[in-house]
Amino acid sequence: MPLALLALAVGAFGLGTTEFVMMGLLPDVADDLHISIPTAGHLVSAYALGVVIGAPLLAALTARLPRRRVLISLMALFVAGNALSALAPGYDSLLAARFLSGLPHGAFFGVGAVVATGLVAPERKARSVSLMFMGLTVANIAGVPVATLMGQHLGWRATFLGVSLIGVAAMAAVFFLIHPTHAPALASGLRGELTALRSLPVWLALATTVVGFGALFSAYSYITPMLTDAAGYADSDVTLLLALFGVGATIGNLVGGRLADHAMRGTLFGGLVSMVAVLLLFPVLMRTEWSAALAVVLLGIAAFITGSPLQLMVMERASAGPSLASSANQAAFNLANAGGAWIGGVALAAGFGVTSPAIAGAALAVLGLGVASVAYAVDRRQDAPPTGHVRVVASHVPEPAETVHS
């Protein structure tokens, strides 16, 4: 695998860290700005809204620019957003800065996935995407816990300054490790990118992302009360357990990338089936501490097995304009975050028990299997030869043997 993929992974590491670290900093931010925890929670939503809006918008606006320049510019916007977050004088300015920080997130992953697949042979495309995404999963193991500890001991503003430095490192890595010839402007332009989004298979692939990862976030959004109220862990143990989720996600991401290069559709279906099984077992696994820790790891593995095949499937279905569709898939991922958390919350509020969000997630994973099956049927119908036509196959007719004269 080319070293240039490391540059994309560094950027993904910074994006993953700043996206998830706010959950651990909410009490510190709320105390410092004299706001309530629910109000501080809007800072998480502001980032997600930035991702949903920025992913397709920035991908469209940069459609004719060289991909290397686009990646550096997106990282520069990321650095600016996090620096402004660190310097924000009040809640409103911090809210705006968090929105700004989220704008380049989806476009970087979307454009980066297109660049990553162009760096390798066709049979290694899914693996290249998984290596870029590894920066995101490793962020949950190391980036988020370290950034949270930094915020608790040095203040939350120091965390965002630290994340800004990661963004600067990513800009330098992209500049030095990705050659301009490996990330040129796409010939399709904006018209080709928009045309690709008119394809039904593209929208079915995006819908699979929303529903499939909605299953993950239905359970993961409420993993803390499950671990403390059901499994009996102390609040101080949760950070380590969430790092275990990152370990599982990293394993699933790497395994999914390898398998998807051999059978993309089979890997996707296998990941979704695994999600159903793991989430249905959650009420049982959450009864003891050791099995609850196992459940967290298994959830990460099952969920992120589907990451690379879903990203690659969207790009292949939008081959005429992959950057916009690839970025839209990141917006779909964040819609899954919001929608899954809401559905899990409905199950919890209905009084079905602290592990009920996992059962709701299993139902979403089953729905994801249904959407993926419809997408598969549509793809097969489009690939099939037109009916009413006879395919003529030329056969080899042996030439007559030469006459032998005596």
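Because only heavy atoms are used, hydrogens play no part in the values below, and waters and symmetry mates are left out as well, while side chains stay in.
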- Check the pair His262, Glu123 against side chain to side chain contact (heavy atoms under 4.5 Å, CB included), reporting the backbone distance first and the verdict last. CA-CA 8 Å; His262 299 285; Glu123 66 272 12; over 6 Å; no
- Query: So His105 and Phe78, ring-ring contact (aromatic ring centres under 6.0 Å, His included) or not? Walk me through it.
  - Reply: CA-CA 8 Å; His105 181 113; Phe78 168 81; 8.5 Å; no
- Report the C-alpha separation of Val10 and Met171 in whole Å, then their side-chain angles, then the decisive distance to 0.1 Å, and conclude whether the side chain to side chain contact (heavy atoms under 4.5 Å, CB included) test is met. CA-CA 9 Å; Val10 173; Met171 291 173 63; over 6 Å; no
- Task: Starting from the C-alpha separation in whole Å, work towards a yes-or-no answer on side chain to side chain contact (heavy atoms under 4.5 Å, CB included) for Leu94 and Leu43.
- Result: CA-CA 8 Å; Leu94 180 57; Leu43 297 168; 3.7 Å; yes
- Message: The test is ring-ring contact (aromatic ring centres under 6.0 Å, His included); show your working for Phe99 and Tyr47 and say whether it passes.
- Response: CA-CA 5 Å; Phe99 175 79; Tyr47 187 92; 9.7 Å; no
- Can you list the steps and then say if Phe269 with Ser373 is a side chain to side chain contact (heavy atoms under 4.5 Å, CB included)? CA-CA 9 Å; Phe269 280 109; Ser373 299; 3.5 Å; yes
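With hydrogens and angles ignored, the 3.5 Å screen pairs no side-chain donor or acceptor of Tyr220 with any backbone N or O of Phe245. At least one donor-acceptor pair under 3.5 Å links the side chain of Ser128 to the backbone N or O of Lys125. Side-chain atoms of Thr18 never come within 3.5 Å of backbone atoms of Gly14 as a donor-acceptor pair (strictly under, hydrogens ignored). Without hydrogens or angle criteria, Tyr222 side chain to Thr355 main chain gives no donor-acceptor distance under 3.5 Å. Between the side chain of Thr306 and the main chain of Leu268, no donor-acceptor pair closer than 3.5 Å is present. Ser85 places no side-chain N or O within 3.5 Å of a backbone atom of Phe160 that could act as its donor or acceptor partner. A side-chain donor-acceptor contact under 3.5 Å links Tyr233 to the backbone of Glu289. In this structure, the side chain of Ser291 engages the main chain of Thr288 through a donor-acceptor pair within 3.5 Å. The backbone N or O of Leu65 sits nowhere less than 3.5 Å from a side-chain atom of Thr62 that would complete a donor-acceptor pair. Put simply, the side chain of Thr159 gets close to the backbone of Ala147: a donor and an acceptor are under 3.5 Å apart.
The closest side-chain heavy-atom distance from Leu204 to Val378 is below 4.5 Å. Counting only heavy atoms from C-beta outward, the side chains of Ile359 and Leu279 never approach each other to under 4.5 Å. Under the 4.5 Å side-chain criterion, counting only non-hydrogen atoms from C-beta, Leu312 is not in contact with Pro309. Val314 has its side chain out of reach of Gln330: every pair of non-hydrogen atoms, C-beta onward, lies at least 4.5 Å apart. Counting only heavy atoms from C-beta outward, the side chains of Leu242 and Asn140 never approach each other to under 4.5 Å. Met226 has its side chain within reach of Phe282: a pair of non-hydrogen atoms, C-beta onward, lies under 4.5 Å apart. Using a 4.5 Å cut-off on side-chain heavy atoms (C-beta onward), Phe20 and Thr148 make no contact. Side-chain atoms of Leu131 and Leu8, non-hydrogen and from C-beta on, never get closer than 4.5 Å to each other.
When only modelled atom types and interatomic distance are considered, Ser130 and Asn253 share no side-chain donor-acceptor pair under 3.5 Å.
If you take OG1 on Thr117 and CE on Met132, they are separated by 9.0 Å, rounding to the nearest 0.5 Å. One distance of note links CD1 of Ile141 with CG of Leu244; it measures 9.0 Å at 0.5 Å rounding. One finds the OG atom of Ser221 at 5.5 Å from the CG atom of Asn337 (value rounded to the nearest 0.5 Å). Rounding to the nearest 0.5 Å places CD1 of Ile166 at 11.5 Å from CG of Leu161. Of the inter-residue distances, the one linking Leu3 atom CG with Ile178 atom CD1 reads 10.0 Å to the nearest 0.5 angstrom. With rounding to the nearest 0.5 Å, the separation of CE in Met264 from CE in Met313 is 6.5 Å.
Between Thr250 and Thr137, the closest heavy-atom pair is OG1-OG1, 3.0 Å. Considering all non-hydrogen atoms of both residues, Val114 and Ser326 come closest at CG2-CB, 4.3 Å. The two atoms that bring Leu25 and Trp156 nearest to each other are CD1-CB, 4.2 Å, heavy atoms only. Smallest separation of non-hydrogen atoms from Met150 and Ala158: SD-O, 3.5 Å. Here the shortest heavy-atom pairing between Ala40 and Ala30 reads CB-CB, 4.2 Å. The shortest heavy-atom contact between Ser356 and Gly353 is OG-O, 2.6 Å.
Around atom CZ of Phe175, no more than 12 heavy atoms belonging to other residues, nucleotides or ligands sit under 6.0 Å away. Heavy-atom neighbours of Tyr376 OH from other residues, nucleotides or ligands within 6.0 Å: at or below the threshold of 12. Within a 6.0 Å sphere centred on NE2 of His153, heavy atoms belonging to other residues, nucleotides or ligands number 12 at most.
Among residues two or more places apart in sequence or in another chain, the salt bridge (Lys or Arg N to Asp or Glu O under 4.0 Å) test is passed with Asp32 by Arg157. In terms of the salt bridge (Lys or Arg N to Asp or Glu O under 4.0 Å) criterion, residue partners of Arg265 (sequence neighbours excluded) are, by chain and number, Asp379.
The only member of Val273, Val374, Leu364 that meets side-chain contact (heavy atoms from CB on, under 4.5 Å) when paired with Leu369 is Val273. When the options Phe108, Phe304, Phe109 are evaluated for a ring-ring contact (aromatic ring centres under 6.0 Å, His included) with Phe133, the one that passes is Phe109.
Under 4.0 Å is where a charged nitrogen must lie from a carboxylate oxygen, and between Asp261 and Arg127 at least one such pair does.
Phe217 has its ring centre less than 6.0 Å from the ring centre of Phe333.
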